[in-house]
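So the structure is just underneath, and the comments pick up after that.
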Protein chains: 2
Amino acid sequence: MKKLSCRFPMGIHILALIAIQPTLCTGDYLAKQLQTNPVVIRKIIAMLKKAKLVQVRAGVGGASLLKSTDQITLLDIYKAVEVVDHDGELFNIRDESNSSCQITSSLSANICETLNEAQQMMEQYLAQISLQQLLDQSFHSLAQ
Amino acid sequence: MKKLSCRFPMGIHILALIAIQPTLCTGDYLAKQLQTNPVVIRKIIAMLKKAKLVQVRAGVGGASLLKSTDQITLLDIYKAVEVVDHDGELFNIRDESNSSCQITSSLSANICETLNEAQQMMEQYLAQISLQQLLDQSFHSLAQ
DNA sequence: TTAGTTATAACTAAATCGGTTATAACAAAC
DNA sequence: GTTTGTTATAACCGATTTAGTTATAACTAA
């Protein structure tokens with residue numbers, strides 16, 4: 001019913017623009033690009049800073065990456081802005097593994113294990129895509 | 001920051017219990033197993049009914065599956081209870097592909113494509129796991 | 001000193017969530 | 001036909017998250 005927050009795709013977009021044009025990327029500029037509010041941008045950037053992916057030039061504006069674009073994966077960004085304050089589990093699984101009913105207990109443990117594997121499939125994919133790859137793809141589609 | 005709803009793991013658990021002991025599975029019984037409220041159970045079952053995965057004996061209680069356990073995949077359940085009222089996209093991607101800035105436009109399109117592929121990795125995995133497989137695993141861990 | 005910027009707190013409106021209560025309808029047993 | 005146990009569903013609640021906004025303070029370079 002509910003999607004994840006838009007911070008993840010926005011975070012990717014922000015870092016990509018910073019990679020291309022560091023000094024140009026003020027909060028206002030990025031907000032115009034992403035059609036949102038500068039404070040929303042700065043909140044996302046604050047999370048990316050906490051993950052040591054980016055640094056910001058306070059006062060004067062602009063930002064720059066703290067890693068090279070091929071060393072930043074989409075999983076890094078995902079975890080920086082989407083996985084906070086909890087164990088990182090996407091699915092909301094309640095632990096019934098110590099139920100007095102053995103079937104429920106066993107089922108619960110197996111559901112938990114299986115869903116976490118499903119999540120890992122997604123995260124493994126995100127870990128394989130670097131910011132550089134995304135930039136390459138985008139420039140390639142631009143050239144056509 | 002936010003996990004998905006607990007309807008998905010609960011829906012799996014509910015269908016598994018129905019598969020094992022159809023007549024026993026009243027709303028009250030299932031609620032005790034999952035440690036929640038009968039109405040919560042019935043809301044989930046209502047979504048599973050809409051997806052034609054289960055039928056319920058109104059008045060007398062109990063439920064039964066409308067497909068065999070090896071023809072119900074976790075993806076079926078996921079889509080029945082977690083993906084409703086929107087296009088099924090997990091990530092909240094805003095369409096910036098018609099931005100006046102060509103870089104932003106191209107980036108947006110590629111972010112969208114990449115994240116949807118990440119989602120597909122997860123859904124493909126869910127599609128490979130049947131309810132029967134989950135039951136087999138659970139009985140196997142019980143036997144040990 | 002000024003202008004442009006970042007940092008951050010506080011607040012809002014909207015949506016979703018899990019849960020609860022209440023009411024009506026249903027089906028089988030007696 | 002009544003009773004009993006159940007399903008179906010609407011209405012509501014409090015908590016939480018979200019994106020956005022406003023306001024204030026601090027920073028940096030010109």
Side-chain angles (χ1 to χ4, degrees), chain A residues 1-11 13-14 17-18 21-50 54-64 81-86 89-96, chain B residues 1-11 13-14 17-18 21-50 54-64 81-86 89-96:
Chain A
M1 224 92 145
K2 188 89 189 302
K3 300 183 180 192
L4 299 181
S5 83
C6 65
R7 289 191 301 269
F8 180 33
M10 278 187 172
H13 201 139
I14 289 170
L17 290 176
I18 291 175
Q21 41 200 5
T23 58
L24 187 57
C25 286
T26 66
D28 282 42
Y29 172 79
L30 290 169
K32 273 182 191 164
Q33 291 295 324
L34 302 195
Q35 298 196 81
T36 182
N37 191 287
V39 180
V40 172
I41 298 289
R42 292 195 187 103
K43 281 180 185 171
I44 296 174
I45 289 184
M47 305 177 89
L48 297 171
K49 278 202 306 187
K50 199 168 286 184
V54 76
Q55 64 184 354
V56 174
R57 301 203 302 157
V60 63
S64 55
V81 301
E82 201 68 53
V83 179
V84 187
D85 288 342
H86 64 72
E89 288 187 0
L90 178 66
F91 298 107
N92 202 336
I93 314 170
R94 304 195 182 177
D95 190 13
E96 234 72 64
Chain B
M1 226 93 143
K2 188 95 190 295
K3 299 184 179 190
L4 299 182
S5 82
C6 65
R7 289 190 301 268
F8 181 31
M10 280 188 173
H13 201 139
I14 290 170
L17 290 177
I18 291 176
Q21 39 201 7
T23 58
L24 189 57
C25 286
T26 66
D28 281 43
Y29 172 79
L30 290 169
K32 273 181 191 165
Q33 290 295 324
L34 302 194
Q35 297 195 79
T36 183
N37 190 287
V39 179
V40 172
I41 298 290
R42 293 198 185 101
K43 279 180 186 173
I44 296 174
I45 290 184
M47 303 177 90
L48 296 171
K49 278 202 307 186
K50 200 169 286 185
V54 75
Q55 65 183 354
V56 174
R57 300 204 301 156
V60 63
S64 55
V81 301
E82 201 69 54
V83 180
V84 187
D85 287 344
H86 63 70
E89 288 187 1
L90 178 65
F91 298 107
N92 202 335
I93 314 168
R94 304 195 183 178
D95 190 14
E96 233 73 64

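Note on naming: letters A, B, ... go to the chains in the order of the sequence lines (proteins, then strands), and numbering restarts at 1 for each one. Both backbone and side-chain heavy atoms feed into the values below; hydrogens, waters and symmetry mates do not.
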d(NZ, A:Lys49; P, D:dC27) in whole Å: 13 Å
Separation of atom CD1 in B:Ile41 from atom C1' in D:dT9, rounded to whole Å: 16 Å
Spacing of B:Glu89 atom CD and A:Lys3 atom NZ [to the nearest 0.5 Å]: 5.0 Å
DNA chain C contacts made by residues 21-35 of chain B, counting heavy atoms under 4.0 Å: none
Contact nearer the 5' end of DNA chain D, comparing A:Ala58 with B:Val60: B:Val60
Gap between atoms NZ and P, on B:Lys50 and D:dT9 respectively (whole Å): 8 Å
Nearest-Å distance for atom pair CD1/P, residues B:Ile18 and D:dT7: 10 Å
Separation of atom CZ in A:Arg94 from atom P in C:dG18, rounded to whole Å: 7 Å
Rounded interatomic separation in angstrom, taking CZ from B:Arg42 and P from D:dT7: 5 Å
B:Val56 or B:Met1, whichever maps to the more 5' nucleotide of DNA chain D: B:Val56
Spacing of CD belonging to B:Gln33 relative to CD1 belonging to B:Ile14, to within rounding of 0.5 Å: 11.0 Å
Distance, rounded to the nearest Å, where A:Asn37 contributes CG and C:dT8 contributes P: 16 Å
Separation of atom CG in B:Leu4 from atom P in C:dT16, rounded to whole Å: 14 Å
B:Lys32 atom NZ, over 12 foreign heavy atoms within 6.0 Å: no
